[in-house]
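Inspection log for the structure reproduced underneath, given as structure tokens.
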Protein chains: 2
Amino acid sequence: MNDSVLTPERILAAAEDVLRRYGPGKATVVDVAQALGVSHGSVYRHFASKAALRDAVLRVWLERMMAPLRAITAARSSPPTRLRNWLSALREAKRDKVLGDPELFATYSALAADAREVIGEHVDHLMQQLATIVAAGIKSGDFRQVDPAATAKAIFDATSRFHYPGMAHLWADPGEDAAFAQLLDLLLTGLAAAPAPAGQMPAVASGTRRKTVRPD
Amino acid sequence: MNDSVLTPERILAAAEDVLRRYGPGKATVVDVAQALGVSHGSVYRHFASKAALRDAVLRVWLERMMAPLRAITAARSSPPTRLRNWLSALREAKRDKVLGDPELFATYSALAADAREVIGEHVDHLMQQLATIVAAGIKSGDFRQVDPAATAKAIFDATSRFHYPGMAHLWADPGEDAAFAQLLDLLLTGLAAAPAPAGQMPAVASGTRRKTVRPD
DNA sequence: TGAATGACAGATTTCAAATATTGTCATTTT
DNA sequence: AAAATGACAATATTTGAAATCTGTCATTCA
């Protein structure tokens, strides 16, 4: 098992493996070291504590999960479509994980419970992406004039039901798809620029109506 | 303690007391019986099992919490206002409970975790009330033509973040009020009847525009 | 005769002793 | 000299035997 030099990367990979095999409660630093054929003292040369190792593993996992979302954020489809796709992708990523391998999902949920800081950063990243899409929608005239950051948070909050791991126990229900679609419709309607608002308009130059129609 | 005859009501009251004092994990049927000055066998004459007793206590507690919501549902203010008040009241009821007495809240959350059926009924009741308000809003012309039941579910889902006990750990945050207000605005905008819809309208007789303006 | 009791079997919980883990660091290895 | 080791103290977890609890029911009580 002692292939090359001991690097943080090799330790991370081994840790992920051990975690997958043993579960979150039982995986020990000694196990990880053993998997690498080294003493557990060596692991502490690269990670300050078990918590630090745990955080690093979690970060890798979250990063992997976020990759498709980044792509959607940067896509060229219309902002409303992008928003729909992004939220659907977030939901499906979690849903597939929890339905596909409940144990592993539970493992990572357990990790996450003790890694508030990492989760905080993660959520911040997600909301920044949402805000980007919302801002694009305002610019294109598809969305009302709203505060992108605050609205991003509202959208994230509103969809928690479908992506927050603590609610995973509801995700196997048959009505879930319909409920999610219903919610998306409600949110997008709330976000849409009023076609011809009779009366009060936000006090902003309304020169940015929807200009181009892009393929969805 | 052996005042009058043993009734389900007296047992319920004692059970609630014991639960409050001992916590959810430690309260035993023997404790409840002891508090009443009877043998535990007598309790089983009135409740088939500890689970049944637990369910009954939970039902009483939930019923008490729902009372103000019923009042709001039946109020005479405009449907949008009623919806706002109802959702705010739901949020505040839970928030006050969890911030006011975290232990007791944890106790009841623990009960709830093993009483899916009772919780299911409870949620159904809540959604029915929401649907009533939504239907009223459609009738008054304040809301778009939507399916009241499906929309009630969407609204309930969208606000889970602020009333689902599993998310209580977020409720002490200072930004919570603003976030909730933001979400309410987004939902109510999404629900509002378009002032002058340019183009596609639902295939429904649109003879029910907002007729009267009531005091909010 | 209907309500209450308490002994009982089986299941669950508790608690303290035994074991394992984390994190450090003086020593060994390469 | 940098990397790795493993003995060690402090902490956390596991374990299993004893105690407690749930739910039943034959018997007692009023």
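To find a chain, count down the sequence lines: A is the first, B the second, and so on, and within it residues start at 1. Since this is a predicted model, take the numbers as computed values, not measurements.
- OP1 or OP2 of dT5(C) sits under 4.0 Å from a side-chain N or O of Ser39(B).
- The CZ atom of Arg45(A) sits 12 Å away from the C1' atom of dT29(C) (whole-angstrom rounding).
- The listed nucleotides are dA4(C), dT5(D), dT5(C); the one nearest the side chain of Val38(A) is dT5(D).
- Asp31(A) and Thr28(A) share a donor-acceptor pair across their side chains, judged by distance under 3.5 Å alone.
- The phosphate of dT5(D) has OP1 or OP2 within less than 4.0 Å of a side-chain N or O from Ser42(A).
- Between Tyr22(B) atom OH and dT20(D) atom P the separation is 14 Å, expressed in whole Å.
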Are any protein N/O atoms closer than 3.5 Å to N/O atoms in nucleotides 17-23 of chain C? If there are, list each pair with its distance.
| unit_1 | atom_1 | unit_2 | atom_2 | d |
| --- | --- | --- | --- | --- |
| dT22(C) | OP1 | Val29(A) | N | 3.3 |
| dT22(C) | OP1 | Lys50(A) | NZ | 2.9 |
| dT22(C) | OP2 | Val29(A) | N | 3.0 |
| dG23(C) | OP2 | Tyr44(A) | OH | 2.9 |
| dG23(C) | OP2 | Lys50(A) | N | 2.7 |
| dG23(C) | N7 | His40(A) | NE2 | 3.3 |
| dG23(C) | O6 | His40(A) | NE2 | 3.0 |

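- Here the rule is salt bridge (Lys or Arg N to Asp or Glu O under 4.0 Å) with Glu16(A), and of Arg54(A), Arg10(A), Arg21(A), Arg64(A) only Arg64(A) fits it.
- Here the P atom of nucleotide dA4(C) and the CZ atom of Arg10(B) are 10 Å apart, to the nearest Å.
- Under the rule for a ring-ring contact (aromatic ring centres under 6.0 Å, His included), the partners of Trp61(A) that lie at least two apart in sequence or sit in another chain are Tyr108(A).
- As rounded to whole Å, 10 Å separates atom P of dT5(C) from atom NE2 of His46(B).
- Here the side chain of Arg91(A) pairs no donor or acceptor atom with the backbone of His163(A) at under 3.5 angstrom.
- The pair Arg70(B)-Glu63(B) meets the salt-bridge criterion, since a charged nitrogen lies less than 4.0 angstrom from a carboxylate oxygen.
- Remark: P of dA4(C) and CG of Leu36(B) are 11 Å apart, rounded to the nearest angstrom.
- Looking at Ser88(A) and Asn85(A), their side chains never bring a donor and an acceptor atom within 3.5 Å of each other.
- dA3(D) atom P lies 12 Å from atom CD1 of Ile11(A), rounded to whole Å.
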